[in-house]
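Structure record follows, encoded as structure tokens.
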Amino acid sequence: MTIDLAVVRFALGSFRATVDDGVVRGATFDPTPQPVQRDRFGVHDVLEAYFAGDVEAIDTLMVVTRGTPFQQEVWRRLREIPVGSTISYGELARRVGRPKAQRAVGMANASNPVALIVPCHRVIRTGGALGGYAFGLDYKRWLLAHEAKEPPLLEGSLRQTVIA
């Protein structure tokens with residue numbers, strides 16, 4: 001077993017991933033800018049590309065997590081949400097075959113050990129409200145705007161397109 005740490009900086013601080021023989025086992029945000037660290041497996045380079053605008057780069061990363069079978073299914077389904085898209089908790093519950101399990105889906109999202117790469121930030125409430133996010137709504141807003149290839153917002157709500 002070879003464990004490395006990949007750390008990149010971005011507009012809201014740092015993002016770090018624990019890498020075990022080339023597989024991401026954990027990932028989290030840190031509001032404090034940390035020293036950049038390059039792992040020997042190239043995960044740092046993929047993360048750097050994501051934050052530089054190649055938002056589909058993270059789809060190439062291999063992830064292995066520990067959790068209940070239900071959590072594993074939720075996290076697997078999260079990886080199927082296309083970059084730049086969002087779905088509701090209800091839709092995610094339907095996709096895992098438990099249409100009435102919206103709260104359980106929300107709890108699985110909250111316990112996601114691989115932030116960003118398993119994109120729980122792409123799940124919003126029915127009606128379009130952002131819902132919660134373990135790292136705060138500023139992170140969720142920023143990530144969704146970044147993936148939509150719009151200038152990232154640091155405060156306020158998501159930009160709405162007005163059609164005249």
Interatomic spacing from CG in Leu47 to NE2 in His44 - rounded to 0.5 Å: 7.5 Å

Within 45° cone and under 6.0 Å: Arg98 NZ/CZ vs Phe70 ring: yes

Pairwise distance CZ(Arg77) to CD(Glu91) - rounded to 0.5 angstrom: 10.0 Å

Gap between atom OG of Ser88 and atom CD of Gln102 - 0.5 Å precision: 6.5 Å

Pair Tyr139 and Tyr133, ring centroids less than 6.0 Å apart: no

Within-4.5 Å side-chain heavy-atom neighbours: Glu48 and Arg9: no

Stepwise side-chain contact (heavy atoms from CB on, under 4.5 Å) test for Arg122 and Arg79: CA-CA 10 Å; Arg122 296 180 192 156; Arg79 292 211 76 194; over 6 Å; no

Residue pair Leu5, Arg16: steps toward the side-chain contact (heavy atoms from CB on, under 4.5 Å) verdict: CA-CA 7 Å; Leu5 188 63; Arg16 64 180 184 268; 4.2 Å; yes

Pair Arg76-Leu78, side-chain contact (heavy atoms from CB on, under 4.5 Å): steps then yes or no: CA-CA 5 Å; Arg76 186 180 71 74; Leu78 287 171; over 6 Å; no

Verdict with reasoning, Ile87 to Ile124, per side-chain contact (heavy atoms from CB on, under 4.5 Å): CA-CA 6 Å; Ile87 66 170; Ile124 60 174; over 6 Å; no

His146-Tyr50 aromatic ring centre distance below 6.0 Å: yes

Backbone of Val19 reached by a side-chain donor or acceptor of Arg25 within 3.5 Å: no

Spacing of Thr86 atom OG1 and Ile81 atom CD1 [to the nearest 0.5 Å]: 8.5 Å

Arg103 and Val105, any side-chain heavy atoms less than 4.5 Å apart: no

Distance in Å, Ile3 CD1 paired with Asp20 CG, rounded so as to fall on 0.5 Å steps: 5.0 Å

Side chains of Phe135 and Pro31 in contact at under 4.5 Å (non-hydrogen atoms): no

Asn112 (side chain) donor-acceptor with Val118 (main chain) under 3.5 angstrom: yes

Straight-line distance of Asp4 CG to Gln37 CD, nearest 0.5 Å: 8.5 Å

